[in-house]
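Read through the structure below, which is laid out as structure tokens, and then see the notes.
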Number of protein chains: 2
Amino acid sequence: MLIIGERINSTKEKVKAAIGARDTAFIANAAHSQTEAGADYIDVNCAVTGGSELQDMDWVLSVIQSEIKDANICIDSPSYLAIEAALKAYHSKGSLMINSISGDEARIKSILPLAIKYDTKLIALAMDDKGMPHTAGERFEVAKNIYERVKKEGFNVENLYFDPLIRPIATEPDQAVEFLKSLPLIKGLTGAKTVCGLSNVSFGLPNRRLVNATFLTMAIQSGLDAAILDPLDNHIISSLRASAALLGTDEYCAGYIGAFRAGKLI
Amino acid sequence: MLIIGERINSTKEKVKAAIGARDTAFIANAAHSQTEAGADYIDVNCAVTGGSELQDMDWVLSVIQSEIKDANICIDSPSYLAIEAALKAYHSKGSLMINSISGDEARIKSILPLAIKYDTKLIALAMDDKGMPHTAGERFEVAKNIYERVKKEGFNVENLYFDPLIRPIATEPDQAVEFLKSLPLIKGLTGAKTVCGLSNVSFGLPNRRLVNATFLTMAIQSGLDAAILDPLDNHIISSLRASAALLGTDEYCAGYIGAFRAGKLI
């Protein structure tokens, strides 16, 4: 499981304020704490700071790179200009991921060449100009079209992560099942991997962290390869560690026992 | 999901003492609290009280039946004599379950006629005189033999619940995966259902309730039909409620929201 730490996201008020104030300590701490908690990539979103996204992205990346040697970054932006600027600004030896393309042709045309040029991993949302799919089969069809499209352009599909897009179960009770069913279908596309954010699933319900963590357990069991999540959330840590122990991917249950000793398990 | 409440089990010191002292309030409370928490059946085990199992079973059943109208009982005993006595002593209109047979021929010969005569549900452990199976395939083979054996005798296989027997992941890290893989195989036997106890999975690990609850989520996702568990354990309640909401079996997430309002969710 690849963990993409979601905490440096300008849709969160505190993060937005910290970026606006050029609060180096805040960003440095967010990067360090997530890395120490096991994040493989640090997602950076500066899209809604109210300032210049390009300048903000450049500043956040410079802070992270000066703090963490060869940090792996997930560049998260609706703007291909900001993505391109971030790719140019990144000078470390870590790995890069772009978040995200979809089936939208304009988006593919602007971003795919960057992903190929900079040899990045690439998140592809399973949606197109017809909107978000409902069934597992519809998710697979959209993913398949994107898969064939980017493969034809020469993108290394081993670096392709599909997000089947989870929707709130409070209003659409079949959506977790449809999402989970889509994972093995999409992974049937040779080389393709899967990723998701968690929090939409619990929208409208109380005690959302429990629903998010339980959904994560189910998604891991169904073969999820990566997740965008808060690696400091103890519900999430508990799901990750107990799931790994149960699925035999945590040798001697060492990760589980370590998390217990660190007081991280619920 | 059928919930079998496990709290009235004489292997627990407090229960053993309560049965020995004929502590009616203790047994009544254990029955009421489990029923209110959603137990469909109340497991009754009097095997290790140190007294007479037949007399103890008779007393516990009389207490439960006088407290709860038409209580469903799961009679849990290694002794077919105690099982027979319990079946005779049960005079309510609820449903009965016998816990358990295995592939052991002597056990089948003594208990199967009782299950047929009293039209009970029946738990069958997926083990035989060769011992406990390791792989999913071995579990299925043992279950298939038992299935064919009891079907030939005229037992209604709709009432047959196979326990594939989970083993501790701390010492055998592949055993949760093998167990989970066995569930759809066994459910491929027309009419057959699956059941399990949880606690063995976490033997030897700290914070066992988290591992048990995460395993329960995975087992539910893999199609588990029933579980022997403590319905008052908030980790277990959280797994049950969040899993049902996610799998679309909790209309309007009412059970989940109710558990939240009752302060039961972790």
Side-chain angles (χ1 to χ4, degrees), chain A residues 166 168-181 198 201-222 234-235 237-266, chain B residues 166 168-181 198 201-222 234-235 237-266:
Chain A
I166 184 65
I169 56 168
T171 47
E172 297 181 80
D174 64 341
Q175 283 300 300
V177 171
E178 293 299 328
F179 176 100
L180 294 166
K181 278 187 192 166
L198 300 170
V201 71
S202 60
F203 186 78
L205 290 175
N207 210 33
R208 293 180 62 179
R209 298 197 308 164
L210 168 63
V211 178
N212 297 347
T214 307
F215 179 62
L216 178 60
T217 293
M218 290 181 168
I220 292 172
Q221 190 187 0
S222 294
N234 283 354
H235 275 78
I237 294 169
S238 296
S239 163
L240 287 171
R241 295 304 185 180
S243 297
L246 284 161
L247 297 180
T249 58
D250 177 19
E251 203 169 6
Y252 304 114
C253 301
Y256 177 84
I257 293 167
F260 168 74
R261 288 189 179 145
K264 303 288 188 194
L265 301 183
I266 56 172
Chain B
I166 183 65
I169 55 168
T171 47
E172 296 181 81
D174 64 342
Q175 283 301 299
V177 171
E178 293 298 329
F179 176 100
L180 294 165
K181 278 188 192 164
L198 300 170
V201 72
S202 59
F203 186 79
L205 290 175
N207 210 32
R208 293 181 62 179
R209 298 197 308 164
L210 168 64
V211 178
N212 297 346
T214 307
F215 178 62
L216 177 59
T217 293
M218 291 181 169
I220 292 171
Q221 189 187 1
S222 294
N234 283 354
H235 275 79
I237 294 169
S238 297
S239 163
L240 286 172
R241 295 304 187 181
S243 296
L246 284 161
L247 297 179
T249 58
D250 177 18
E251 203 170 5
Y252 304 113
C253 301
Y256 178 83
I257 293 167
F260 168 73
R261 289 188 179 146
K264 302 289 189 193
L265 301 183
I266 55 172

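Letters A, B, ... are given to chains in the order of the sequence lines, protein chains preceding strands, and every chain is numbered from 1.
Between B/Q175 atom CD and B/F215 atom CZ the span is 10.0 Å, to the nearest 0.5 Å.
One N or O on the side chain of A/S238 and one on the backbone of A/I266 form a donor-acceptor pair closer than 3.5 Å. Under the 3.5 Å distance criterion, the side-chain polar atoms of A/Y256 are left unmatched by any main-chain donor or acceptor of A/L246.
Interface residue A/L180: only side-chain heavy atoms are found under 4.5 Å from chain B.
Looking only at heavy-atom pairs under 4.5 Å with chain A, the residue among B/L265, B/V177, B/I169, B/N207 that has the most is B/N207. Comparing B/T249, B/V201, B/L210 by heavy-atom pairs within less than 4.5 Å of chain A, the highest count is held by B/L210. When B/P173, B/S202, B/P206 are compared by the number of non-hydrogen pairs under 4.5 Å with chain A, B/P206 comes out ahead.
For the residue pair A/T217 and B/Q221, no side-chain donor N or O sits within less than 3.5 Å of a side-chain acceptor on the partner.
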